[in-house]
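First comes the structure, then the notes that go with it.
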Amino acid sequence: MEFESNCSLMKNTSASVAWSSKLPQGLDVEISHHPITLRCVANLIIAMERLNGGKGFTLGRDEGLLNFLLESAVEVLELESARTEASSRAAFSSKGEYECSVTDSENKCWVLNEGSMELHAIMLQGGSSYHKVHLNLSTYITPVPSETKARPVALGIKGSNLYLSCITSEGTPTLHLEEVADKEQLKSINHESDMVRFLFYKQDTGVDISTLESAHYRNWFISTALQQDNTKMVNMCQRATLNRNTTFTIQRHN
């Protein structure tokens, strides 16, 4: 029996096979992976009407089938609830936040170029230290146990809605500054969502020395140009890239 439906039904799942064994011969079951709608219910009633040859649904005669359908609906709802709960557990959860600043191995500070909306690493003299960018560093709890001691963090420019993110540009992971209008969406980030682009693994490699690896593109690190080159922006690179520095001193201010 076939009838139209917009419920995106899927056949041959383990659950549908198990349920089909309980049904009378000639009656099949399909499992929907979308929320139950009134249209789906209407289609079910039409199907039952056709099974009865248009005689209408009789509670006494079809009570066994009705009970089966109700029990199956409860099982589907419980499965979806468990799936939603598991999905919420598989998320990076914000734990805390503190203010910090970053300098590289050549003691260059991160400075924001507001014209190009880029970060550059520049050697600042005493009177120009106010150009140094201050960051709000948010720490996260990982959704699954990590093989390393690296901690996921998000980095936002203090006093703004700008956050560092790693996305691809012409096929290469690139560091960007993105405006986040609703910061609440950064409090819990599903590990499979594209919001992971805002997360970086902070790995401490020495006393006050850390690397910042993209959580979205593993083995790509935030880096600065070596040899006092102020023209190149803070960007992503792989660890072994020549003339790029991937280790930083992250100084906490509170």
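Predicted, not measured: the structure shown is a model, and the values here were computed from it.
To the nearest 0.5 angstrom, Cys166 atom SG is 5.5 Å from Phe200 atom CZ. Considering CD of Gln238 and CD of Glu213, their distance stands at 10.5 Å, rounded to 0.5 Å. Here the straight-line distance linking atom CG of Leu112 with atom CD1 of Ile157 works out to 6.0 Å at 0.5 Å rounding. Taking CD1 from Ile189 and OG from Ser138, the interatomic distance works out to 9.0 Å, rounded to the nearest 0.5 Å. Here the NE2 atom belonging to His216 is positioned 6.5 Å from the CG atom belonging to Asp194, to the nearest 0.5 angstrom. Taking CD1 of Ile122 as the start and CD of Glu106 as the end, the distance is 13.0 Å to the nearest 0.5 Å.
The side-chain contact (heavy atoms from CB on, under 4.5 Å) search around Cys109 returns Thr103, Leu124, Lys132, not counting sequence neighbours. Looking at residues two or more places apart in sequence or on another chain, you find no side chain to side chain donor-acceptor pair (under 3.5 Å) involving Glu192. The ring pair (Phe, Tyr, Trp, His ring centres under 6.0 Å) check on Trp110 picks up Phe248, with sequence neighbours excluded. Take His134 and apply the ring pair (Phe, Tyr, Trp, His ring centres under 6.0 Å) test, not counting sequence neighbours, and it matches His253. When the side-chain contact (heavy atoms from CB on, under 4.5 Å) test is applied to Asn161, the partners found at least two apart in sequence or on another chain are Glu179, Lys183. Applying the side-chain contact (heavy atoms from CB on, under 4.5 Å) test to Thr172 and every residue at least two apart in sequence or in another chain returns Trp220. With sequence neighbours excluded, the residues satisfying side-chain contact (heavy atoms from CB on, under 4.5 Å) with Asp208 are Thr249. For Asn245, the side chain to side chain donor-acceptor pair (under 3.5 Å) criterion is met by Ser105, Thr247, not counting sequence neighbours. With sequence neighbours left out, Thr224 forms a side chain to side chain donor-acceptor pair (under 3.5 Å) with Asp104. The side chain to side chain donor-acceptor pair (under 3.5 Å) search around Ser94 returns none, not counting sequence neighbours.
Side-chain atoms of Arg244 never come within 3.5 Å of backbone atoms of Cys237 as a donor-acceptor pair (strictly under, hydrogens ignored). Asp204 places no side-chain N or O within 3.5 Å of a backbone atom of Gly206 that could act as its donor or acceptor partner. Of the possible polar contacts, one joining the Lys108 side chain to the Ala225 backbone as a donor-acceptor pair under 3.5 Å is found. Of the possible polar contacts, none joining the Asn136 side chain to the Gly156 backbone as a donor-acceptor pair under 3.5 Å is found.
Taking hydrophobic clusters as Ile, Leu, Val, Met, Phe, Trp and Tyr residues chained together by side-chain heavy-atom distances below 4.5 Å, Val133 shares a cluster with Val234. With hydrophobic clusters built from ILVMFWY side chains whose heavy atoms lie under 4.5 angstrom apart, Ile250 does not share a cluster with Tyr163. In the hydrophobic clustering of ILVMFWY residues, with side-chain heavy atoms under 4.5 Å counting as a link, Leu175 and Tyr201 come out apart.
Pairs passing the salt bridge (Lys or Arg N to Asp or Glu O under 4.0 Å) check and including a residue from residues 153-173, sequence neighbours excluded, read Glu99-Lys158. Residue pairs meeting the salt bridge (Lys or Arg N to Asp or Glu O under 4.0 Å) criterion with at least one member in residues 111-122, sequence neighbours excluded, do not occur.
The closest side-chain heavy-atom distance from Glu178 to Leu162 is not below 4.5 Å. Taking the side chain as every heavy atom from C-beta outward, Met236 and Ile222 approach each other to under 4.5 Å. Side-chain contact between Tyr140 and Leu186 is present, with at least one heavy-atom pair separated by less than 4.5 Å.
Closest approach of Val196 and His191 over heavy atoms only: CG2-O, 3.6 Å.
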